[in-house]
Protein chains: 2
Amino acid sequence: MASVRGGSRDKPPSIVDVAQHAGVSTATVSRALAAPEQVRPALRERVEMAVRDLGYRPNAAAQRLRGRRSRLILVVTLTRWSAPFFAEVLNGIDSELAANGYAMILGNLDLDRRQDGHLVDMMQSGRFDGVLALAGVANAANGHELKEPGLPLVSICSEIQGTPSVLTDEGESIVEAAEHLFGIGHRHFVYLSGPATNFSDRSRWDALKAYFEAKKDECRLDRIEGDFTPRSGAAAAERFLASLERPTAVLSSSDEMAIAFMKVAKHAGVHVPGDVSVCGFDGIDFADYCEPTLTTIRQPRFELGRTGAYRLLQIIAGHSEVDAGRTVLRNTLCLRDSTGRAPRHG
Amino acid sequence: MASVRGGSRDKPPSIVDVAQHAGVSTATVSRALAAPEQVRPALRERVEMAVRDLGYRPNAAAQRLRGRRSRLILVVTLTRWSAPFFAEVLNGIDSELAANGYAMILGNLDLDRRQDGHLVDMMQSGRFDGVLALAGVANAANGHELKEPGLPLVSICSEIQGTPSVLTDEGESIVEAAEHLFGIGHRHFVYLSGPATNFSDRSRWDALKAYFEAKKDECRLDRIEGDFTPRSGAAAAERFLASLERPTAVLSSSDEMAIAFMKVAKHAGVHVPGDVSVCGFDGIDFADYCEPTLTTIRQPRFELGRTGAYRLLQIIAGHSEVDAGRTVLRNTLCLRDSTGRAPRHG
DNA sequence: CTGTTAGCGCCTTCAG
DNA sequence: CTGAAGGCGCTAACAG
């Protein structure tokens, strides 16, 4: 009676095979699987047995063609994503999707090669039930290109006009960090930015500018351009070292930049936090293992992913009451050893 | 004449719409797209125009159902993957797949919950043309479970019986590192392991054991259990510190463990490399930014992914001459500041 | 409750 | 070179 899936090269069993094996119609098989309560127990069991015997799995393509969901979500990322940050966001997404029987396709958007066409093709090929756009993608693809195909779309870590998005309170958090540093005596700040087109970076910079605008008589805020990568953090440190009047507080737009910055600064004999305080952004694992441990603004990475996926599934399911607008998660300021009182000084 | 895709809510155009719009049969449309040379230029152009006008994209589900490829590859990973390592492998995979018009599904395998069924379901649902299994998955899912569905399968960073796999020369490289350390005076080594069931870890440990077996009169090799994570590296450091006779050379099975190890050791007043030399494995970006910079065995992460994807596509395309067996890529020993001469000592 | 039937959109013979 | 027609596997009406 056992005999799982005959020989080997046979093509997989179809619903017809199951129907014959169980002595019922294909419709009954379909129902026994999708709506068991509509099938008399006796038949249902025969079907279930046949399914097991033959090792039958519904063909997803056929299901999709017939009009049902594909249970596939396209997740669009940039080729140059920050692994420590987004890997955990992906985990969050996957966790929520898997729990609901969905799977994710990873679609890397290459900024250099004009590959967007490829993506839009995919989106219109009817393969997916929805799209999740991760930070940066919005600006890169101009946002509406992603909306155009008419698929349910949720944006994570950046906002696309008229599209539900999941964000963190980046502006508030970085101001909170600034305020903390101000409180312990710092008056000269520098912001290590991300790419100028990045949504997060804009939010942070705008909030910071507004905050210091109100304090412009007593404080100074500089800005050094970066792009989230360690390399750009090291470059920023060189510029910092070369400056005539060095800031005493660094607000970095990513932990990776902050850590590289500290490394270079220390090498040049600048003490952290004695000479300069450094605050990162993201809360990646390595913030605990660098020297000194990094004060940072921790983003709920897993939750970002989970929440984004959740909202998307809601929309797909048609629970679209609260659709539009943003969901804002809260960050946490984690004080560690890279920040301290401003150095005494004239 | 313009008018891209009507109003908005209409369902997407099908091949029939295109055929009507162009005044030809559906068969001609199909051919014009798949085998243009078989269609008279005049008609071909009419079709191409209609395609553009309507914004037509072939429906992937229908194509797949009709028997063609889905151009979808399932990439199976573990829920607890090491982001710094695998993110780059994924990039390599994506790069090769995208270049050939394929996309990847990320299937996280959860070790805790028995979720494998879900995966096998997916594999048999006829959605994919092939499967890429990343390190660790093989052992977890017992390998053959993945082979069973009869899909083309390639394993990366671990070997599955009778399945093509892409590996690095881990054994040779770690022995090379050991040899280097031996050459500069070290005689007491400790290996920080990964999970005991991990394929890579086994390869490394076996090679190391063999190497030291031949030197057992003059050398000592200890082993501390870890699992690749920083946390376990820190725990290993505690054990190291507590040991009566401390080894002078640490061979870590991951950079993340090595970095955490150094952090804890330094905190306890142990100098790296003055008192103990530390060598990592993987060559992640942070190896350059920790203190001191980490000597490590760099794995060609991007190439691992790219090569794995390449082999899989070859198999799918039927170029299966060189199918079985392994492809071995070479690692590079990167000497940095965390290793040095063994301390003088009785 | 269960079976019959009609397509979903596409590609690929098979005739013309 | 082009058109007509069947069917991939499945499910949702519609009858019984």
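No experiment lies behind these values; they were computed from the predicted model shown. In what follows, chains are A, B, ... by sequence order, proteins preceding strands, each numbered from 1.
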Contiguous pairing runs of three or more, Watson-Crick or G-U under 3.5 Å, that involve DNA chain C: C:1-16 with D:1-16
Straight-line distance of A:L167 CG to A:T307 OG1, nearest 0.5 Å: 11.0 Å
Value rounded to 0.5 Å, distance of CD1 in B:I15 from OG1 in B:T28: 9.5 Å
Sugar-phosphate only, base, or nothing, as touched by A:V29 at under 4.0 Å among non-hydrogen atoms: nothing
Out of D:dC10, C:dC10, C:dT2, whichever nucleotide has its closest atom nearest the side chain of B:P58: C:dC10
Salt-bridge contact B:D53-B:R46 (side-chain N to carboxylate O under 4.0 Å): no
Nearest-angstrom distance from the residue atom CG of A:N59 to P of C:dC10: 16 Å
Quiz item: B:R66 side-chain donor-acceptor pair to D:dC8 base, under 3.5 Å: no
Between CZ on residue B:F85 and CG on residue B:L134, distance to nearest 0.5 Å: 9.0 Å
A:V47 vs A:V39 side-chain heavy atoms within contact, under 4.5 Å: no
Residue closer to the 5' end of DNA chain D, B:E37 versus A:S30 (nearest nucleotide): B:E37
All N/O pairs under 3.5 Å across the protein-nucleotides 3-5 of chain D interface:
| unit_1 | atom_1 | unit_2 | atom_2 | d |
| --- | --- | --- | --- | --- |
| D:dG3 | OP2 | B:S25 | N | 3.3 |
| D:dG3 | OP2 | B:S25 | OG | 3.3 |
| D:dG3 | OP2 | B:T28 | OG1 | 2.5 |
| D:dG3 | N7 | B:R31 | NH2 | 3.0 |
| D:dG3 | O6 | B:R31 | NH1 | 3.4 |

Between P of D:dT2 and CG of B:L33, the distance in whole Å: 14 Å
Interatomic distance where CD belongs to B:Q63 and P belongs to C:dC11 [whole Å]: 5 Å
